[in-house]
Peer 1: 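My questions all concern the structure below.
For the numbers below, each heavy atom of this structure counts, side chains included, while hydrogens, waters and symmetry mates do not. Sequence positions, counted from 1, serve as the residue numbers for this chain.
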Amino acid sequence: MAVQQHSHRGARLRSPFSRGGRSGAVSAPATSSDPTAPAVSARSESATAWVGVLTSARLLMGFVFLWAFLDKTFGLGYATRSGKGWIDGGSPTEGFLGHVAVGPMETTFHSWAGAAWADWLFMLGLLGIGLALTAGVALRLAAAAGTVMMALMWMAEWPPARHLSDGSPSMSTNPFADYHVVYAVVLIALAVASAGDTLGLGRLWSRLPFVRDHHWLR
């Protein structure tokens, strides 16, 4: 799945005017008239660009999940107010799930809000996905866990609804393709492309015996 960049060296070409063993092999100059050279160079540059794009996307997505974990754990004053962090006794899920006001799982989410098991699963998910993306390991597992998390959050916000349960406008900007869907698609794309092989530990991870025996851990 990795996108690799190969170096292209000057090819060893035989002179078209040589006969038998007289002239032997000659090195093609850098400005070879080989008509395939520009295409090969373009493909190499394109592959390099894609590697850079995938690596950047992986690191940025990793930061998104790690930041959410840190903010909810320590109450950094952004989405989680200071003194309301997980270490201060606050619940990472109570505020969000407790205020779900739309969708077919509204009652279910209310029952989950503030539950210890929900808090632990949510926070471990944020931390695990963030670390996996940043290190470039276990991207398939991270993509699966992240997609489930994004699907649940999508259902909690329920973008298809035009109105909340109390009749007020939902303020949904798109009935389907909100940022949860985008995040899930990006996670899957990173796993498929083995984006952890560049500026990550993906190659080393894939060589571990238990990873080789269980490909879903890659």
Side-chain angles (χ1 to χ4, degrees), residues 1-3 50-80 84-87 90-97 100 105 108-109 112-159 176-208 210-218:
M1 295 185 293
V3 181
W50 272 112
V51 168
V53 169
L54 291 172
T55 302
S56 300
R58 173 175 62 82
L59 294 175
L60 286 173
M61 286 296 297
F63 180 72
V64 167
F65 283 88
L66 285 179
W67 177 260
F69 171 80
L70 294 173
D71 183 58
K72 293 180 183 300
T73 299
F74 300 105
L76 300 180
Y78 289 85
T80 305
K84 298 294 184 179
W86 198 22
I87 61 172
S91 170
T93 62
E94 185 174 8
F96 178 65
L97 295 181
V100 173
M105 293 186 64
T108 302
F109 285 134
W112 291 357
W117 65 267
D119 289 343
W120 277 94
L121 281 179
F122 180 58
M123 295 300 284
L124 289 177
L126 291 177
L127 178 61
I129 296 169
L131 290 177
L133 290 170
T134 303
V137 302
L139 294 187
R140 293 182 181 180
L141 189 60
T147 299
V148 171
M149 181 181 292
M150 291 299 106
L152 288 172
M153 295 178 71
W154 185 88
M155 294 189 70
E157 295 191 11
W158 200 247
F176 175 72
D178 73 341
Y179 71 96
H180 298 104
V181 177
V182 175
Y183 282 3
V185 171
V186 171
L187 288 173
I188 294 171
L190 293 174
V192 171
S194 286
D197 290 354
T198 302
L199 293 181
L201 303 175
R203 294 184 186 279
L204 294 176
W205 174 261
S206 64
R207 293 171 187 161
L208 296 177
F210 68 93
V211 177
R212 287 201 307 264
D213 296 338
H214 303 86
H215 293 291
W216 57 273
L217 289 173
R218 296 191 63 185

Peer 1: Is there a donor-acceptor pair closer than 3.5 Å between any side-chain N or O of Arg58 and the backbone N or O of Thr198?
Peer 2: yes

Peer 1: Can you see which heavy atom on Met149 is nearest to which on Phe122, and at what distance?
Peer 2: CE-O, 3.9 Å

Peer 1: Taking all non-hydrogen atoms of both residues into account, name the closest pair between Trp205 and Leu217 and its distance.
Peer 2: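 Closest approach of Trp205 to Leu217, heavy atoms only: NE1-O, 2.9 Å.
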
Peer 1: With rounding to the nearest 0.5 angstrom, report the CH2 to CG distance, Trp112 to Leu152.
Peer 2: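 Reported to 0.5 Å precision, the distance equals 5.5 Å.
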
Peer 1: Compare every heavy atom of Lys72 with every heavy atom of Leu126, then report the nearest pair and how far apart it is.
Peer 2: CD1-CD, 4.2 Å

Peer 1: Are Tyr179 and Trp154 close enough that their ring centers fall under 6.0 Å?
Peer 2: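 Tyr179 vs Trp154: aromatic centres not under 6.0 Å.
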
Peer 1: For residues Leu127 and Leu66, determine if any side-chain heavy atom of one lies less than 4.5 Å from a side-chain heavy atom of the other.
Peer 2: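 Touching, per the 4.5 Å side-chain cut-off.
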
Peer 1: Let me see the working for Thr147 and Ile188 under side chain to side chain contact (heavy atoms under 4.5 Å, CB included), right down to the final yes or no.
Peer 2: CA-CA 8 Å; Thr147 299; Ile188 294 171; 3.8 Å; yes

Peer 1: Tell me the closest heavy-atom pair linking Pro92 and Trp86, and the distance in Å.
Peer 2: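 Heavy-atom minimum between the residues: CD-CD1, 3.6 Å.
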
Peer 1: Please report the shortest heavy-atom distance between Gly114 and Ser91, naming the atom on each side.
Peer 2: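 Smallest interatomic distance, heavy atoms only, reads CA-OG, 3.3 Å.
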
Peer 1: Keeping Thr93 on the side-chain end and Ala113 on the backbone end, is there a donor-acceptor pair under 3.5 Å?
Peer 2: no

Peer 1: Taking atom CG of Leu59 and atom CG of Leu133, what is their separation to the nearest 0.5 Å?
Peer 2: 9.0 Å

Peer 1: Spell out, as yes or no, whether a donor-acceptor pair under 3.5 Å connects the side chain of Thr134 to the backbone of Leu131.
Peer 2: no

Peer 1: Measure the CG-CH2 distance between Asp71 and Trp67 for me, rounded to the nearest 0.5 Å.
Peer 2: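 One gets 6.0 Å once the value is rounded to the nearest 0.5 Å.
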
Peer 1: Using a 6.0 Å cut-off, check whether atom CZ of Phe176 has over 12 heavy atoms from anything other than its own residue.
Peer 2: no

Peer 1: Specify the closest pair of heavy atoms between Phe109 and Met155, including all atoms of both residues, with the distance to one decimal.
Peer 2: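 Closest approach of Phe109 to Met155: CE1-C, 3.9 Å.
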
Peer 1: Atom NE2 of His214 and atom CZ of Arg140: how far apart are they, to the nearest 0.5 Å?
Peer 2: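 Going from NE2 on His214 over to CZ on Arg140, the span is 13.5 Å.
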
Peer 1: Quick one: which of Leu54, Thr55, Val51 gives a side chain to side chain contact (heavy atoms under 4.5 Å, CB included) with Leu199?
Peer 2: Thr55

Peer 1: At what distance, to the nearest 0.5 angstrom, does CG of Leu76 lie from NZ of Lys84?
Peer 2: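 It is 15.5 Å, given to the nearest 0.5 Å.
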
